[in-house]
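Working notes for the structure below.
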Amino acid sequence: MHLLLFLLGSDKIHTSAQVDKVVCAELPDPIEDPSLFDTVKGCMVHGPCGARNPQAACMENGKCTKKYPKAFSETTTLDQDGYPIYRRRNDGQVYIVRGQPVDNRDVVPYNAYLSRLFNCHINVEVCAGMRCVKYIHKYIYKGNDRATMVLGLIDEIKEYLDARYIGPVEAAWRLFGHSMHEEIPTVVRLALHLPGKHNSLFNTEESMQDIVARAEQDITTLTGFFAYCQANVDARVFTYQEFPQTFCLDKIRKEVETKRKGFCNWKNVLY
């Protein structure tokens with residue numbers, strides 16, 4: 001099971017000290033906290049892999065795919081991608097796990113409270129940067145894991161339909177008519193094209209004359225931006241990328257208008 005927790009602004013983790021309060025990547029003291037030590041030693045040690053066990057499941061081309069053992073680190077730091085490099089001090093303590101010597105470099109990050117409470121493997125990580133968003137949301141929307149094996153000819157259409165899986169939670173959510181996802185602020189895709197080279201949708205039953213006539217009247221985010229700046233000098237202070245923050249392009253009336261309070265209505269506008 002994967003559980004993602006999004007914190008309110010006042011509770012978000014921004015500093016190394018805050019990370020250390022939530023996540024630990026070191027073996028606890030066996031004398032001061034024997035129960036937690038037994039849990040971490042039995043459930044939160046990766047592998048061992050590497051030169052100690054080249055046949056481990058995580059090994060690929062002679063390297064651990066999970067990048068264990070980690071490097072020693074005297075303090076917790078946040079890397080450029082927003083993921084913490086957890087504190088793993090070289091305290092000289094080495095223990096035998098599954099017949100191999102291990103130290104703090106082999107510990108999977110955990111939360112001491114949860115490990116004490118459930119006495120099982122619970123990997124806890126902190127994502128503290130915007131570059132983590134893509135990875136996080138991939139887990140939310142990727143769907144359930146499923147493997148398909150076909151003997152004989154492959155029917156790609158049937159394979160796609162058979163691979164679609166909706167679990168009970170998602171099914172109930174859809175039946176109640178709730179939104180499946182939402183992004184704020186809205187991500188806007190701005191058109192880039194040469195004059196007269198924009199995309200235009202058409203019905204194959206329409207005549208060529210009707211298709212060409214409508215295509216000539218089409219307005220895209222790019223042509224709308226140029227036309228509005230040509231007619232309004234005040235708008236020229238905005239770059240193309242900044243333009244959607246202040247203006248909306250109404251695709252029904254085919255004109256640019258000043259954005260109202262909040263975000264544009266995506267049902268009626270392109271910006």
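Cys229 and Ala235 get closest at one heavy-atom pair: SG-O, 3.9 Å. Closest of all the heavy-atom pairs between Phe238 and Thr246 is CE2-OG1, 3.5 Å. Residues Pro48 and Ala56 share a closest heavy-atom pair of O-CB, 4.1 Å. Of all the heavy atoms in Thr221 and Tyr240, the pair that sits closest is OG1-OH, 2.8 Å. Across all their heavy atoms, Leu27 and Val45 have their closest contact at CD2-CG2, 4.4 Å. Across all non-hydrogen atoms, the minimal contact from Cys58 to His46 is SG-NE2, 3.3 Å.
Annotation: the span from His121 atom NE2 to Asn123 atom CG amounts to 5.0 Å, rounded to 0.5 Å. Within the model, atoms OG1 of Thr220 and CZ of Phe226 stand 9.0 Å from one another, a figure rounded to the nearest 0.5 Å. Distance check: Thr76 OG1 to Lys21 NZ gives 13.0 Å after rounding to the nearest 0.5 Å. Distance OG/Ser115 to CG/Asp38: 12.0 Å, rounded to 0.5 Å. The CD atom of Gln18 sits 9.5 Å away from atom CG of Leu78, with the distance rounded to the nearest 0.5 Å. Taken from CZ in Arg98 to NZ in Lys41, the straight-line distance is 10.5 Å, to the nearest 0.5 Å.
Tyr95 and Phe37 have their aromatic ring centers within a separation under 6.0 angstrom. Checked against a 6.0 Å centroid threshold, the rings of Phe225 and Phe247 do not count as neighbours.
Between the side chains of Tyr86 and Thr77, no donor-acceptor pair is found at a separation under 3.5 Å. There is no side-chain donor-acceptor pair under 3.5 Å between His198 and Thr223.
Remark: side-chain polar atoms of Ser73 are not paired, donor with acceptor, to backbone N or O of Arg87 under 3.5 angstrom. The backbone N or O of Pro168 lies less than 3.5 Å from no partner atom in the side chain of Trp173, so there is not a single donor-acceptor pair. Between the side chain of Asp106 and the backbone N or O of Asp103, at least one donor-acceptor pair lies under 3.5 Å. A distance-only check finds a donor-acceptor pair linking the side chain of Arg52 to the backbone of Pro101 [under 3.5 Å]. Formation of a donor-acceptor pair under 3.5 Å by the Thr39 side chain with backbone atoms of Ser35 is found in this model.
Salt bridge status for Glu206 with Arg214: present, with a side-chain N to carboxylate O gap under 4.0 Å. Ion pair Asp91/Arg89 not flagged as a salt bridge, since none of the NZ, NE, NH1 or NH2 atoms sits closer than 4.0 Å to an Asp/Glu carboxylate oxygen.
Within a 6.0 Å radius of CG in Asp11, more than 12 heavy atoms belonging to other residues, nucleotides or ligands are found. Environment of CG in Leu175: crowded, with over 12 heavy atoms of neighbouring residues, nucleotides or ligands closer than 6.0 Å. Other residues, nucleotides and ligands place no more than 12 heavy atoms under 6.0 Å from the CD atom of Gln241. In Asp234, the CG atom is not crowded: 12 or fewer heavy atoms of neighbouring residues, nucleotides or ligands sit closer than 6.0 Å. Residue-environment remark: CD1 (Ile157) stays at or below the threshold of 12 foreign heavy atoms within 6.0 Å.
With Phe72 as the aromatic partner, Lys70 does not meet the cation-pi criteria of under 6.0 angstrom to the ring centre and within 45 degrees of the ring axis.
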Going through the checks in order, is the side chain to side chain contact (heavy atoms under 4.5 Å, CB included) test met by Asp210 and Phe202? CA-CA 9 Å; Asp210 291 340; Phe202 61 91; over 6 Å; no

When you look at Met59 and Thr65, which way does the side chain to side chain contact (heavy atoms under 4.5 Å, CB included) test go after all the steps? CA-CA 6 Å; Met59 295 294 290; Thr65 56; over 6 Å; no

Derivation and outcome, side chain to side chain contact (heavy atoms under 4.5 Å, CB included), residues Val107 and Val40: CA-CA 8 Å; Val107 177; Val40 173; 4.2 Å; yes

Working for side chain to side chain contact (heavy atoms under 4.5 Å, CB included), residues Asn104 and Asn90: CA-CA 7 Å; Asn104 289 335; Asn90 185 7; over 6 Å; no

Kindly determine whether Tyr110 and Glu125 satisfy side chain to side chain donor-acceptor pair (under 3.5 Å), including the steps that lead there. CA-CA 7 Å; Tyr110 64 93; Glu125 301 277 359; over 6 Å; no

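Note on Tyr113 and Val22: same hydrophobic cluster, where clusters join Ile, Leu, Val, Met, Phe, Trp and Tyr whose side-chain heavy atoms are under 4.5 Å apart, directly or indirectly. No continuous path of hydrophobic side-chain contacts links Val108 to Phe118 [ILVMFWY only; heavy atoms under 4.5 Å]. In the hydrophobic cluster analysis, where Ile, Leu, Val, Met, Phe, Trp and Tyr join through side-chain heavy atoms closer than 4.5 angstrom, Ile219 is grouped apart from Val212. Side-chain heavy atoms closer than 4.5 Å link hydrophobic residues (I, L, V, M, F, W, Y) into clusters, and following such links, possibly through other members, connects Val237 to Tyr228. Residues Val126 and Ile85 fall into different hydrophobic clusters, defined by Ile, Leu, Val, Met, Phe, Trp and Tyr side chains chained together at heavy-atom separations under 4.5 Å.
For the side chain to side chain contact (heavy atoms under 4.5 Å, CB included) test with Asp33, the passing option among Ile31, Asp29, Leu36 is Leu36; the others fail.
Using a 4.5 Å cut-off on side-chain heavy atoms (C-beta onward), Pro244 and Leu190 make contact.
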